[in-house]
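Worksheet for the structure shown next.
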Amino acid sequence: MLSVGPRLASHLPKVEQGAILQIVTETMPDLKGVTTAIGGGPTLVRGGMSMQWGGFQMRHPRTAIGWNKDYIFMVEVDGRQNNLSVGMTFPELAAYMIKLGCEQAMNLDGGGSATLWVCGNVMNSPSEGQERPGANSLVVVQKKAGANGSAARHLVIRSSSPAPHQPLAEH
């Protein structure tokens with residue numbers, strides 16, 4: 001069985017029941033040879049400019065990744081907790097990513113699964129009161145300095161309002 005949402009279906013030719021369809025799964029760009037990938041969406045920032053969204057935007061917990069030619073930015077926004085944070089809309093998150101210096105940024109999963117771990121410790125306040133079991137994650141590891149003597153990079157975690165039991169940390 002093949003299911004297509006109404007927005008996409010309105011752009012497809014009419015297909016009779018029992019028809020044989022050919023489905024093409026190629027990607028743009030071509031991902032041949034890729035060993036690791038992560039999906040997300042929507043795109044928040046492209047070329048340093050915020051994307052546009054129609055309709056009413058709701059605030060929710062969010063996670064996002066952004067980058068420029070020098071840095072990668074990983075952002076977690078708590079939400080659904082009136083005493084801590086109500087979350088962000090996509091336009092608010094895009095504006096924040098631009099403020100950080102992102103040329104490109106993408107929303108990842110959010111809601112109850114918006115969690116930031118550092119060295120085995122939860123560094124935020126998940127909206128469901130605890131981490132939600134998940135089948136995937138984005139993991140960043142630091143390799144030991146190589147033979148070329150490359151210096152270790154610093155991980156800086158910033159929070160405008162850390163929970164009392166979760167200190168602001170800089171390593």
Side-chain angles (χ1 to χ4, degrees), residues 1-12 23 25 27-29 31 34 36-140 155-170:
M1 175 183 277
L2 176 65
S3 176
V4 177
R7 189 183 310 174
L8 181 59
S10 67
H11 299 288
L12 298 175
I23 299 174
T25 59
T27 60
M28 295 284 290
L31 297 177
V34 170
T36 305
I38 187 166
T43 299
L44 298 168
V45 178
R46 183 175 290 144
M49 303 294 293
S50 177
M51 303 302 290
Q52 301 298 311
W53 298 271
F56 179 72
Q57 294 290 314
M58 295 185 63
R59 289 187 167 125
H60 291 292
R62 310 245 183 227
T63 56
I65 187 165
W67 59 94
N68 61 31
K69 66 182 182 74
D70 298 314
Y71 300 101
I72 295 174
F73 301 86
M74 296 174 63
V75 172
E76 187 286 329
V77 178
D78 285 332
R80 299 180 187 154
Q81 300 171 76
N82 290 332
N83 61 337
L84 179 67
S85 174
V86 295
M88 284 186 165
T89 64
F90 288 139
E92 289 169 339
L93 184 54
Y96 184 69
M97 300 303 280
I98 291 169
K99 182 178 177 181
L100 289 175
C102 296
E103 290 291 319
Q104 313 292 330
M106 170 173 75
N107 183 69
L108 300 171
D109 199 5
S113 61
T115 305
L116 174 67
W117 277 43
V118 176
C119 299
N121 298 304
V122 176
M123 301 302 291
N124 70 305
S125 180
S127 66
E128 295 176 359
Q130 62 188 14
E131 314 89 279
R132 179 191 285 174
N136 61 29
S137 62
L138 174 60
V139 179
V140 178
L155 169 66
V156 180
I157 300 169
R158 296 187 179 119
S159 174
S160 59
S161 57
H165 63 283
Q166 297 158 339
L168 181 64
E170 293 192 22

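By convention here, the first residue in the shown sequence is residue 1. These values consider heavy atoms only, across backbone and side chains, with no hydrogens, waters or symmetry-generated copies.
For Leu116 against Asn124, the heavy-atom pair with the smallest separation is N-OD1, 3.0 Å. In this structure, Val45 and Met51 approach most closely via the heavy-atom pair N-CG, 4.1 Å. Taking all atoms of both residues into account, the shortest heavy-atom contact from Gly54 to Gln57 is O-NE2, 3.5 Å. Looking at every heavy atom in both residues, Cys102 comes nearest to Phe73 through SG-CD1, 3.5 Å. Taking every heavy atom of both residues into account, Arg80 and Gly111 meet most closely at NH1-CA, 3.7 Å. Minimum heavy-atom separation, Glu131 to Thr115: CG-CG2, 4.1 Å.
A donor-acceptor contact shorter than 3.5 Å links the side chain of Asn68 to the backbone of Asp70. Within the 3.5 Å criterion, the main-chain N or O of Gly87 finds a donor-acceptor partner in the side chain of Ser85. Formation of a donor-acceptor pair under 3.5 Å by the Thr63 side chain with backbone atoms of Asp109 is found in this model. With hydrogens and angles disregarded, no donor-acceptor distance shorter than 3.5 Å links the side chain of Asn107 to the backbone of Ala64.
Interatomic distance, Met106 CE to Leu93 CG, rounded to the nearest 0.5 Å: 12.0 Å. Between atom CZ of residue Phe56 and atom OG1 of residue Thr89 there is a gap of 9.5 Å, rounded to the nearest 0.5 Å. Between Ser127 atom OG and Gln81 atom CD the span is 6.5 Å, to the nearest 0.5 Å. Separation of atoms CD (Gln104) and CD1 (Ile98) is listed at 10.5 Å; rounding is to 0.5 Å. A distance of 11.0 Å separates CG in Asp78 from CE in Met88, rounded to the nearest 0.5 Å. Once rounded to the nearest 0.5 Å, the distance linking CG of Leu44 with CD of Glu92 reads 12.0 Å.
Within a 6.0 Å sphere centred on CH2 of Trp53, heavy atoms belonging to other residues, nucleotides or ligands number more than 12. Remark: Arg132 CZ is packed, more than 12 non-hydrogen atoms of other residues, nucleotides or ligands lying under 6.0 Å away. The local environment of CG in Leu8 is crowded, with over 12 non-hydrogen atoms from other residues, nucleotides or ligands closer than 6.0 Å.
In this structure, the side chains of Val77 and Pro61 stay at 4.5 Å or more apart for every pair of heavy atoms.
Taking the ring centre of Phe90 as origin, the terminal cationic atom of Arg62 falls inside the region bounded by 6.0 Å and 45° from the ring axis.
Using a cut-off of 4.0 Å between Lys/Arg side-chain N and Asp/Glu carboxylate O, Glu103 and Lys69 are scored as not salt-bridged.
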